[in-house]
Structures are given as structure tokens and as C-alpha cells.
Amino acid sequence: RYSGTDKSLHKKDFIMAAEADGYEFAKRVNNQKHLKKVLREFVECKTPAFLEVMIDPYAEVWPMVGPGDGYSKMKVGDYITPRETPKSDQSEGLDATSMF
């Protein structure tokens, strides 16, 4: 039910790895007050860029599609507007065998 990288098993430094791979922009954000500034630098960077954003390990990550569910059952949380289920007037009233 969580998404992300659990760094308790190994302590890989993704910033050092990105720099070793030649990224000129490789930064980690640990504090929310720095996020807006660093995110702007990341987006405006003209070369390949790497950004690691540390979040609360118990934070819920949205949107989420549950195992075995389709996009019509996507969970969106409190701040994302869900998509409307597309309506198809062509297949209304047809069962699976009469469609072909």
C-alpha cells in the first residue's frame, strides 16, 4: 500500500550515483520549504536532471490503482479530481457475444 524506495535495507546514495553517471543537476530535497525553489531549478534545467524528494514513509501516494482494478476504480485522494467514466452509446444494451 506504499510506494517509494525503502532505504533502510541499503543506503545507496542516488545523488552520488546520478553525478557519477554525468548528471549536472542532481539534488535531494529533505525539507518542504526548499521544494519550490529546487523544483523550479529542476524543471528549468537544460540538461538531463535527477531530483530525489524525501517524503514521510507513511504518506499516502495518489493517484493509485489497486491490484486487479482498472483505471475506472482509481483512488485519487483528497486533492485530485477523479476522471469521469467515459460513456459509450454505441455498445449500450449489447452483451459480449453480440458485439462481434
Side-chain angles (χ1 to χ4, degrees):
R1 295 181 188 239
Y2 300 106
S3 177
T5 304
D6 181 358
K7 294 181 92 173
S8 65
L9 299 175
H10 50 80
K11 303 289 183 188
K12 180 172 183 172
D13 188 327
F14 292 103
I15 302 305
M16 289 182 72
E19 289 172 341
D21 285 340
Y23 284 77
E24 293 178 29
F25 183 100
K27 293 190 180 182
R28 176 182 299 115
V29 177
N30 292 316
N31 189 318
Q32 188 174 358
K33 70 180 181 179
H34 301 136
L35 181 62
K36 194 172 190 175
K37 176 184 176 285
V38 175
L39 189 57
R40 179 172 288 119
E41 292 171 3
F42 174 72
V43 171
E44 292 175 354
C45 184
K46 302 295 184 204
T47 63
F50 181 89
L51 178 62
E52 182 179 24
V53 180
M54 307 306 290
I55 62 170
D56 181 335
Y58 298 103
E60 295 178 335
V61 179
W62 304 106
M64 181 187 314
V65 178
D69 286 344
Y71 287 115
S72 64
K73 294 184 181 176
M74 182 183 298
K75 296 167 182 70
V76 294
D78 296 334
Y79 302 101
I80 300 173
T81 305
R83 295 181 186 176
E84 290 186 30
T85 306
K87 296 177 183 174
S88 175
D89 53 341
Q90 293 178 343
S91 63
E92 247 178 70
L94 300 176
D95 64 14
T97 57
S98 62
M99 292 177 71
F100 299 101

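Only a predicted model underlies this, so the values are computations on that prediction, with no experimental measurement involved.
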Restricting to side-chain contact (heavy atoms from CB on, under 4.5 Å), what partner residues turn up for [X], sequence neighbours left out?
X	answer
Asp78	none
Asn31	Lys33, His34
Ile15	Asp13, Glu19, Ala26, Arg28, Phe50, Glu52
Ala49	Phe25, Phe42, Cys45

Open item on the list: Can you list everything that forms a side chain to side chain donor-acceptor pair (under 3.5 Å) with Glu41? Sequence neighbours excluded, please.
Closed with: Lys27, Lys37
Open item on the list: If hydrophobic clusters are built by linking Ile, Leu, Val, Met, Phe, Trp and Tyr wherever their side-chain heavy atoms come under 4.5 Å apart, do Tyr23 and Met16 end up in the same one?
Closed with: no
